[in-house]
Amino acid sequence: QVQLVESGGGLVQAGGSLRLSCVASGNIRVINTMGWYRQAPGKQREFVAVINSDDSTNYLDAVKGRFTISRDNAENTIYLQMNSLKPEDTALYYCNALCRVEGSSFASFWGQGTQVTVSL
């Protein structure tokens with residue numbers, strides 16, 4: 001139905017930057033909200049950032065001022081620009097999309113995740 005593919009993760013030193021991308025594909029009719037979540041080892045998955053269809057955004061307090069989420073509607077793609085990275089940002093970052101596919105109501109879809117590791 002819907003595939004979400006993340007990219008852009010990697011290993012970076014504290015204070016560095018990374019840019020994550022997530023491309024949505026499949027039998028998509030409407031994309032509403034898209035966002036990023038992360039899960040560190042031994043912890044629950046947590047919300048990081050979301051961008052709505054009207055381009056309004058919301059962020060986890062811990063990343064405000066450092067991370068920026070944006071979207072390219074023509075390409076069904078969202079981005080997460082991450083600056084001033086800290087070791088505590090280390091996690092597997094997942095893309096999420098609330099989509100309506102042909103013949104169905106809105107549903108939530110997840111990508112496989114991309115690893116972000118921030119070293120001291």
Side-chain angles (χ1 to χ4, degrees):
Q1 288 185 328
V2 176
Q3 296 79 42
L4 301 178
V5 178
E6 304 100 332
S7 62
L11 173 64
V12 64
Q13 287 188 327
S17 298
L18 285 173
R19 189 192 194 209
L20 306 183
S21 300
C22 172
V23 181
S25 62
N27 195 16
I28 300 170
R29 288 295 173 260
V30 177
I31 298 180
N32 189 348
T33 298
M34 294 187 74
W36 293 95
Y37 291 72
R38 67 187 182 186
Q39 187 167 17
K43 295 186 177 181
Q44 290 188 336
R45 190 175 299 188
E46 67 175 353
F47 161 80
V48 176
V50 65
I51 185 164
N52 299 304
S53 56
D54 62 358
D55 286 340
S56 60
T57 58
N58 196 18
Y59 296 91
L60 174 71
D61 284 347
V63 308
K64 284 180 179 177
R66 300 188 297 121
F67 291 9
T68 302
I69 189 171
S70 59
R71 68 192 289 170
D72 181 338
N73 291 326
E75 300 295 330
N76 286 346
T77 300
I78 61 168
Y79 306 95
L80 186 68
Q81 178 66 43
M82 305 186 295
N83 299 327
S84 302
L85 282 161
K86 304 175 181 181
E88 51 264 43
D89 294 318
T90 295
L92 189 59
Y93 282 71
Y94 295 92
C95 177
N96 174 265
L98 185 64
C99 303
R100 185 170 68 83
V101 300
E102 180 70 29
S104 180
S105 59
F106 278 95
S108 180
F109 298 89
W110 293 91
Q112 293 298 310
T114 184
Q115 179 67 39
V116 172
T117 303
V118 184
S119 64
L120 288 170

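If you read the sequence from its start, that first residue is 1, and numbering goes on from there. Remember, predicted model here, so these are calculated numbers, not experimental data.
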Asn96-Ser108 side chain donor-acceptor pair, cut-off 3.5 Å: yes
Keeping the roles fixed (side chain from Asn52, backbone from Asp54), state whether a donor-acceptor pair exists under 3.5 Å. no
Hey, does the side chain of Arg66 reach the backbone of Ser84 with a donor-acceptor pair shorter than 3.5 angstrom? yes
Which heavy-atom pair separates [X] from [Y] by the least distance, and what is that distance?
X	Y	result
Thr90	Ala40	O-CB, 3.7 Å
Phe67	Val48	CD2-CG1, 3.8 Å
Cys22	Met34	SG-CE, 4.3 Å
Ile31	Cys99	CG1-SG, 3.9 Å
Leu120	Pro87	CD2-CG, 3.4 Å
Glu75	Thr77	O-OG1, 2.8 Å

So, taking the atom named [atom1] in [X] and the one named [atom2] in [Y], what distance separates them when rounded to the nearest 0.5 Å?
X	Y	atom1	atom2	answer
Ile51	Asn73	CD1	CG	8.0 Å
Phe47	Trp36	CZ	CH2	13.0 Å
Ser70	Ile78	OG	CD1	8.5 Å

Taking salt bridge (Lys or Arg N to Asp or Glu O under 4.0 Å) as the cut-off, I'd like each qualifying pair that reaches into residues 4-32, sequence neighbours left out, listed once. Arg29-Glu102
Under a 4.5 Å side-chain heavy-atom rule over Ile, Leu, Val, Met, Phe, Trp and Tyr, are [X] and [Y] clustered together?
X	Y	value
Leu98	Ile69	no
Val12	Tyr79	no
Val23	Tyr37	no

Heavy-atom side-chain contact between Cys95 and Trp110 under 4.5 Å: no
Would you mind reporting whether Leu4 and Tyr94 have side-chain heavy atoms less than 4.5 Å apart? no
Determine, step by step, whether Val118 and Met82 satisfy the side-chain contact (heavy atoms from CB on, under 4.5 Å) criterion, reporting the C-alpha distance in whole Å, the side-chain angles of both residues, the deciding distance to 0.1 Å, and the verdict. CA-CA 11 Å; Val118 184; Met82 305 186 295; over 6 Å; no
Suppose we screen for ring pair (Phe, Tyr, Trp, His ring centres under 6.0 Å). Which residues come up paired with Phe106, at least two apart in sequence or across chains? none
Within a 6.0 Å radius of atom [atom1] on [X], are there more than 12 heavy atoms belonging to other residues, nucleotides or ligands?
X	atom1	result
Gln1	CD	no
Gln112	CD	no
Gln13	CD	no

Sequence-distant partners of Thr117, side chain to side chain donor-acceptor pair (under 3.5 Å), two or more places apart: Gln115
Between Asp55, Thr57, Asn76, which is the residue that forms a side-chain contact (heavy atoms from CB on, under 4.5 Å) with Arg71? Asp55
Check this for me, if you would: do Lys86 and Asp89 make a salt bridge, where the nitrogen-to-carboxylate-oxygen distance has to be below 4.0 angstrom? no
Step-by-step side-chain contact (heavy atoms from CB on, under 4.5 Å) determination, Val101 to Phe109: CA-CA 11 Å; Val101 300; Phe109 298 89; 4.3 Å; yes
Using the side-chain contact (heavy atoms from CB on, under 4.5 Å) rule, take Arg38 and Val116 through it: C-alpha gap first, then chi angles, then the decisive distance, then the call. CA-CA 9 Å; Arg38 67 187 182 186; Val116 172; over 6 Å; no
